[in-house]
**Student:** 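Next up is a structure, given as structure tokens.
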Amino acid sequence: MCKIAVVMCRNKTADSNNRHGQHSMILVPMDTPGVKKIRALTVFGADDANHGGHLEVHFDNVRVPASNILLGEGRGFEIAQGRLGPGRLHHCMRAIGLAEHALELLCQRSASRQTFGNKLYHHEVVAHWIAESRIAIEQTRLLALHAAHTLDTKGNKAARKQIGMIKVVAGRMAIKVVDCAIQVHGGAGVSDDFPLAQMYAYARTLRLADGPDEVHLSSIAQMELRDQLRRMAAKL
């Protein structure tokens, strides 16, 4: 259990005209009076501890020194955004590795099991799942590399669109590949005999963590429209 929490909270004197300067991050020791741990949360009914764990925490008139504020009052959003770009990319890298393992399990299962006198991979639908999974993984890997290169060479702000795109694509791809692997495993795929159920829970959670797909899609559309309008203006 962590000893200190980084709490993001809204400033009491927030400026409504400064939408990105209304929050601060502050260090709060977990043994501070007024901090109450309510319960550990689950994901799809399973314990979330193996992924770091999440708690429901109640804060009741908690007071800490003003010196505990990180960077300064109103800079919470700035701190969050500085971490979220690279953090989202790391999530996507893990999703690609997860999909690789799911495809490996899919191929192993389809080569070791038979139905109607043939190995599972001899059935066209399973063969197509294998091919489509490989295609999707490689497409996502290239987009991740492009986003990482943009982040490294141009910085977090310039890579916003690329990071948003990979964040949407990676979660959807991983869900699809894991779902195919589960289908080939049958009932065993949703049991604890294989890691696929846990992998599916992680991949599905990725479509919510660090911003849901819908928010990223709206941001991508706005940035794309802005870029296209700039090109049109330049041509005129």
**Student:** Under a single-linkage definition using a 4.5 Å side-chain heavy-atom cutoff for Ile, Leu, Val, Met, Phe, Trp and Tyr, are Val62 and Val7 assigned to the same hydrophobic cluster?
**Tutor:** yes
**Student:** Please name all residues satisfying side chain to side chain donor-acceptor pair (under 3.5 Å) with His123, sequence neighbours left out, ordered by chain then number.
**Tutor:** Thr115
**Student:** Only one of Leu103, Leu105, Leu98 clears side chain to side chain contact (heavy atoms under 4.5 Å, CB included) with His101; which?
**Tutor:** Leu105
**Student:** Short question: side chain of Asn156, backbone of Gln81 - any donor-acceptor pair under 3.5 Å?
**Tutor:** yes
**Student:** List for me each residue that meets salt bridge (charged side-chain N to carboxylate O under 4.0 Å, His left out) alongside Glu224, sequence neighbours excluded, and say none if there are none.
**Tutor:** Lys161
**Student:** Would you confirm whether Asn68, through its side chain, and Ile26, through its main-chain N or O, come within 3.5 Å as a donor-acceptor pair?
**Tutor:** no
**Student:** Looking at residues at least two apart in the chain, or sitting in another chain, which of them share a side chain to side chain donor-acceptor pair (under 3.5 Å) with Gln222?
**Tutor:** none
**Student:** Could you pull out all donor-acceptor pairs under 3.5 Å where a side-chain atom in residues 170-187 meets a protein atom, sequence neighbours excluded?
**Tutor:**
residue, atom, partner, partner atom, Å
Arg172, NE, Asp213, OD2, 3.4
His185, ND1, Ala181, O, 2.7

**Student:** Atom NZ of Lys119 and atom OG of Ser112: how far apart are they, to the nearest 0.5 Å?
**Tutor:** 7.0 Å
**Student:** What pairs with Arg113 under side chain to side chain contact (heavy atoms under 4.5 Å, CB included), at least two apart in sequence or on another chain?
**Tutor:** Arg109, Leu120
**Student:** Is there a chain of hydrophobic side chains (I, L, V, M, F, W, Y, each step under 4.5 Å between heavy atoms) that links Ile69 to Met30?
**Tutor:** yes
**Student:** Roughly how far, to the nearest 0.5 Å, is the CZ atom of Arg226 from the CG atom of Leu229?
**Tutor:** 10.0 Å
**Student:** How many angstroms lie between CG in Leu89 and CD1 in Ile166, if you round to the nearest 0.5 Å?
**Tutor:** 7.5 Å
**Student:** Does NZ belonging to Lys154 count more than 12 external heavy atoms closer than 6.0 Å?
**Tutor:** no
**Student:** For Tyr200, enumerate each residue passing the ring pair (Phe, Tyr, Trp, His ring centres under 6.0 Å) test, keeping only those at least two apart in sequence or located in another chain.
**Tutor:** none
**Student:** Can you name the residues that form a side chain to side chain donor-acceptor pair (under 3.5 Å) with Glu100, not counting sequence neighbours?
**Tutor:** Arg134, Arg141
**Student:** In the single-linkage hydrophobic clustering (I, L, V, M, F, W, Y; side-chain heavy atoms under 4.5 Å), do Ile4 and Phe59 co-cluster?
**Tutor:** no
**Student:** Between Leu55 and Ala40, which heavy-atom pair has the shortest distance, and what is it?
**Tutor:** CD2-CA, 3.4 Å
**Student:** Return the CD1 to CD1 distance between Ile220 and Ile163, rounded to the nearest 0.5 Å.
**Tutor:** 11.0 Å
**Student:** Ile38: which other cluster members, linking ILVMFWY side chains closer than 4.5 Å, directly or transitively?
**Tutor:** none
**Student:** Can you pull the side-chain hydrogen bond (donor to acceptor under 3.5 Å, both in side chains) pairs that have at least one residue in residues 29-45, sequence neighbours excluded?
**Tutor:** Arg39-Glu56
**Student:** Scan residues 129-156 for pairs that pass ring pair (Phe, Tyr, Trp, His ring centres under 6.0 Å), counting only residues two or more places apart or in two chains.
**Tutor:** none
**Student:** Are Leu143 and Leu145 co-members of a hydrophobic cluster defined by side-chain heavy atoms under 4.5 Å apart?
**Tutor:** no
**Student:** For Asp193, check side chain to side chain contact (heavy atoms under 4.5 Å, CB included) against everything at least two apart and list the hits.
**Tutor:** Ser191
**Student:** Taking all non-hydrogen atoms of both residues into account, name the closest pair between Gly21 and Asn11 and its distance.
**Tutor:** O-ND2, 3.4 Å
**Student:** For the hydrophobic clusters of this structure (ILVMFWY residues joined by side-chain heavy atoms under 4.5 Å, transitively), does one cluster hold both Leu196 and Ile137?
**Tutor:** no
**Student:** The criterion is side chain to side chain donor-acceptor pair (under 3.5 Å); which residues satisfy it with Arg88, sequence neighbours excluded?
**Tutor:** none
**Student:** Would you check if the side chain of Ser24 reaches a backbone N or O of Gly74 as a donor-acceptor pair within less than 3.5 Å?
**Tutor:** yes
**Student:** So, do Gln139 and Ile135 sit near enough that their side-chain heavy atoms are less than 4.5 Å apart?
**Tutor:** yes
